[in-house]
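Working notes for the structure below.
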Amino acid sequence: MRSEYPLLSRIEGPSDLKALKTEDLPRLAAELRSFIITTVAKTGGHLAPSLGAVELGIALHRVFDSPTDKLIWDVGHQAYTHKILTGRRQSFSTLRQLGGISGFPRMEESVHDAFGVGHASTSISSALGCVCARDLAGEDYHVVAVIGDGSLTGGLALEGLDRGGELGKDILVVLNDNEMAISPNVGAMARYLGRLITTPGYDRFRSQMQELVKNIPAYGGTLFNLARRFEEGLKHMLVRGVLFEELGYRYLGPIDGHDIPLLMDTLEGIKGLKGPVLLHVVTKKGKGFTPAEQDATKFHGLGKFNQNTGECPKIEGMTYTSVFGRWVEERGELDPKLVVITAAMPDGTGTYQFGERFPDRFYDVGISEGHATTFSAGLSAAGYHPVFAVYSTFLQRSYDMLIHDICLQNLPLLLAVDRGGLVGEDGPTHHGLFDLAYLRHIPNLVLGAPKDEAELVAMLNAGADFKTPFAIRYPRGLGEGVEVDWKAEPTPIGKGEVLREGSGVAILALGRMVGAVLEAVEMLASEGIEPTVVNARWVKPLDEELIADLAGKYEHLVTVEEGTSAAGFGSAVLELLAERGLLNRCRVHIIGIPDEFIPHGKVDELLKMVGLDAVGISDRIKEIMD
Ligand SMILES: Cc1ncc(C[n+]2csc(CCOP(=O)(O)OP(=O)(O)O)c2C)c(N)n1
């Protein structure tokens with residue numbers, strides 16, 4: 001630790017924090033900010049959320065006794081201060097790197113990470129579970145859920161809030177309100193929170209009114225009583241946090257979330273209270289780093305950047321996301337019924353420009369993937385053409401809605417499933433590895449994965465006639481650099497593409513694995529192995545005739561996919577061949593993601609680790625041919 005962090009360098013755990021003088025804590029906050037900025041500039045990470053929660057992290061660890069008291073961070077992208085104060089200062093430089101510490105709290109990483117996170121809106125429910133376990137066991141400790149205003153709009157958070165109010169047990173919910181999700185927060189709850197911050201205080205109003213009526217001599221008493229009744233009605237309009245109060249929480253705040261003494265005093269006071277408490281703190285996302293304060297969306301989560309200017313390295317070429325974004329914009333021009341839905345990810349899914357151009361046909365519904373899916377179903381049932389753009393990992397939240405509200409009713413929609421496959425540094429909470437498995441068995445759904453960005457457009461064109469539920473999954477990051485024809489003929493549904501004829505072994509590859517397989521095949525040439533290579537394109541419907549034909553001709557059929565080996569594309573091939581009685585002639589080998597959670601790291605490193613890079617694939621084929 002360099003001497004520029006004289007206070008921080010003394011902190012190996014919460015007890016060292018407690019040993020500091022209170023008046024030194026603002027200086028510690030400044031050191032933490034500088035340390036976070038310097039590190040994240042090199043590693044990438046969730047900068048703006050964490051800069052906004054520095055004082056909150058300090059105050060919580062000063063007042064509560066982690067790990068006995070449980071601090072549960074929602075999403076966990078704002079928890080860098082918590083990590084640094086709980087023994088991970090020295091390893092912080094390994095943030096999000098392969099083998100290094102995670103960007104999110106993880107129970108296996110530290111006893112201070114009371115719950116593992118990455119997806120939004122889980123904190124209140126998991127905290128309530130801890131609360132009930134504590135009470136059942138007759139133990140005595142505090143449980144605190146820290147949730148952002150964006151995450152509070154998620155249905156799961158509202159369910160947790162509801163249960164917490166009903167149970168009436170001791171729990172503290174700290175609402176970290178910076179008026180932002182990744183983009184500006186949306187929804188009626190966000191509007192309500194905004195009013196709490198800006199409306200004049202109810203308490204002040206009440207005392208002013210009492211003073212007023214008491215000073216009228218003859219009628220003072222009657223008026224006072226009348227006023228009290230009037231007040232009950234007014235309370236609903238003016239009392240701060242009445243929504244939370246009515247749900248059963250004692251609402252405190254809003255208070256300045258950057259004022260450490262105020263935070264500490266308030267938290268100390270809350271420790272003595274019984275029942276559910278909601279403390280509303282107001283923070284500034286990106287606090288202390290001007291570029292992040294000015295553009296909190298860009299600095300929400302990012303790769304390396306210049307810590308002096310905030311500039312990020314330029315990306316050359318188009319990403320799959322940007323190709324989809326441009327396609328949907330062009331299609332919106334041609335199809336007046338096309339509507340686009342995002343769940344709090346207009347930038348991440350590339351739909352932002354569509355929203356700018358067609359605001360009437362664009363819905364950012366906040367962190368509510370389940371709602372987004374059923375909302376799309378409603379739009380579809382009423383004759384519109386919904387395109388729901390969503391990350392694979394977050395679509396997991398919509399599983400029942402996909403079955404019950406979309407596919408069972410056979411309602412046409414286009415699901416643009418972004419971030420399918422390994423996503424890199426965000427790690428296991430964010431990899432999109434389960435989608436092929438959780439989508440392919442749903443009746444009526446068409447499911448494809450393009451080999452490159454040109455095929456993405458052709459597949460989108462195939463889904464754009466809105467005849468059936470239609471999902472296209474594509475990876476994070478740059479495309480393959482091929483030219484895109486925006487008017488491409490629709491990819492024929494259920495038809496694979498033979499890319500190369502060989503002998504002995506046929507490889508069916510899906511999505512960006514096609515490129516890796518073609519590279520592997522080049523390596524195999526020197527070994528005298530000449531596989532046939534097929535771009536499978538569709539997981540559902542499969543190109544049954546092509547696959548059956550290959551099974552008749554080749555001794556080995558290898559499937560390669562960037563998704564779980566269990567229940568994915570390879571399994572579909574295996575099921576088909578078993579059903580047709582073709583497995584006695586041909587052996588099927590499934591290359592995919594093993595039955596384990598894949599850690600964080602660079603995508604290339606992870607692909608190598610799981611054997612899905614060209615070398616790994618060619619080694620497997622060699623083994624098979626031996
Ligand atoms: C279920 C789910 N949907 C979407 C996301 C992506 N996401 C990560 S953080 C975030 C915004 C969270 O906003 P808020 O809770 O207010 O925290 P802040 O970043 O403002 O501190 C979103 C949409 C997610 N992590 N989980």
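The structure presented is a predicted model; accordingly, all values stated were derived computationally and were not measured. As the structure lists them, so they are numbered: ligands from 1, and atoms in each ligand from 1.
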Subject >> side chain to side chain donor-acceptor pair (under 3.5 Å) partner of Thr321, the single match among Arg476, Arg419, Arg326 >> reply: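 Checked Arg476, Arg419, Arg326 against Thr321; only one passes side chain to side chain donor-acceptor pair (under 3.5 Å): Arg419.
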Output the list of atoms in ligand 1 that are nearer than 4.0 Å to some heavy atom of [X], sorted by atom number.
| X | value |
| --- | --- |
| Arg397 | 1 (C) |
| Asp149 | 16 (O) |
| Gly150 | 13 (O), 14 (P), 15 (O), 16 (O) |
| Gly148 | 14 (P), 15 (O), 16 (O) |
| Ala120 | 1 (C), 2 (C), 24 (C), 25 (N), 26 (N) |
| Ala181 | 11 (C), 13 (O), 20 (O) |
| Ala344 | 23 (C) |
| Gly118 | 25 (N) |

Original post:
Considering only protein heavy atoms, which is closest to atom 15 (O) of ligand 1, and at what distance to one decimal place?
Top reply: Ser151 OG, 2.6 Å
**OP:** Give the residue, atom name and distance (to 0.1 Å) of the protein heavy atom nearest atom 5 (C) of ligand 1.
**Re:**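 In this structure, atom 5 (C) of ligand 1 has Phe394 CZ, 3.3 Å as its nearest protein heavy atom.
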**OP:** Tell me which part of Asn178 gets within contact of ligand 1: side chain, backbone, both or neither, using heavy atoms under 4.0 Å.
**Re:**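 Contact part for Asn178 vs ligand 1: side chain (C-beta onward).
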Subject >> Proximity to ligand 1 by part of Ile182, non-hydrogen separation under 4.0 Å >> reply: both
Original post:
Heavy atoms only: which of His119, His46, Glu369, Gln396 is nearest to atom 3 (N) of ligand 1?
Top reply: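 Among His119, His46, Glu369, Gln396, the closest heavy atom to atom 3 (N) of ligand 1 comes from Glu369.
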Subject >> Proximity winner for atom 19 (O) of ligand 1, if only heavy atoms of Met345, Met180, His77, His430 are counted >> reply: His77
Original post:
Yes or no on side chain to side chain contact (heavy atoms under 4.5 Å, CB included) for Phe289 and Arg33, after CA distance, side-chain angles and deciding distance?
Top reply: CA-CA 8 Å; Phe289 185 52; Arg33 275 209 171 82; over 6 Å; no
Original post:
For the side-chain contact (heavy atoms from CB on, under 4.5 Å) test, which of Leu267, Asp69, Val144 pairs with Val63?
Top reply: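 Considering Leu267, Asp69, Val144, a side-chain contact (heavy atoms from CB on, under 4.5 Å) with Val63 is found only for Leu267.
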Between [X] and [Y], a side-chain donor and acceptor under 3.5 Å:
| X | Y | result |
| --- | --- | --- |
| Thr94 | Ser91 | no |
| Thr86 | His61 | no |
| Asp405 | Thr373 | no |

Original post:
Can you find a non-hydrogen atom of Ala343 under 4.0 Å from ligand 1?
Top reply: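 False for this residue.
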**OP:** Check if Gln78 has a non-hydrogen atom at a distance under 4.0 Å from any atom of ligand 1.
**Re:** no
Original post:
Do Tyr80 and Phe35 have ring centres separated by under 6.0 Å?
Top reply: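 Ring centres of Phe35 and Tyr80 not closer than 6.0 Å.
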Original post:
Purely on distance, is any nitrogen or oxygen of Pro49 under 3.5 Å from one on ligand 1?
Top reply: no
Original post:
Around atom NE2 of His441, are there more than 12 heavy atoms of other residues, nucleotides or ligands at under 6.0 Å?
Top reply: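 Yes, the 6.0 Å shell around NE2 holds more than 12 heavy atoms from other groups.
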Original post:
Should we say atom CD1 of Ile315 is surrounded by more than 12 heavy atoms from elsewhere, each under 6.0 Å from it?
Top reply: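 Counting other residues, nucleotides and ligands, CD1 of Ile315 stays at 12 neighbours or fewer.
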Original post:
Which of these, Glu561, Glu453, Glu562, sits in a salt bridge (Lys or Arg N to Asp or Glu O under 4.0 Å) with Arg512?
Top reply: Glu562
Subject >> Ion pair Glu55/Lys287, N-O distance below 4.0 Å >> reply: no
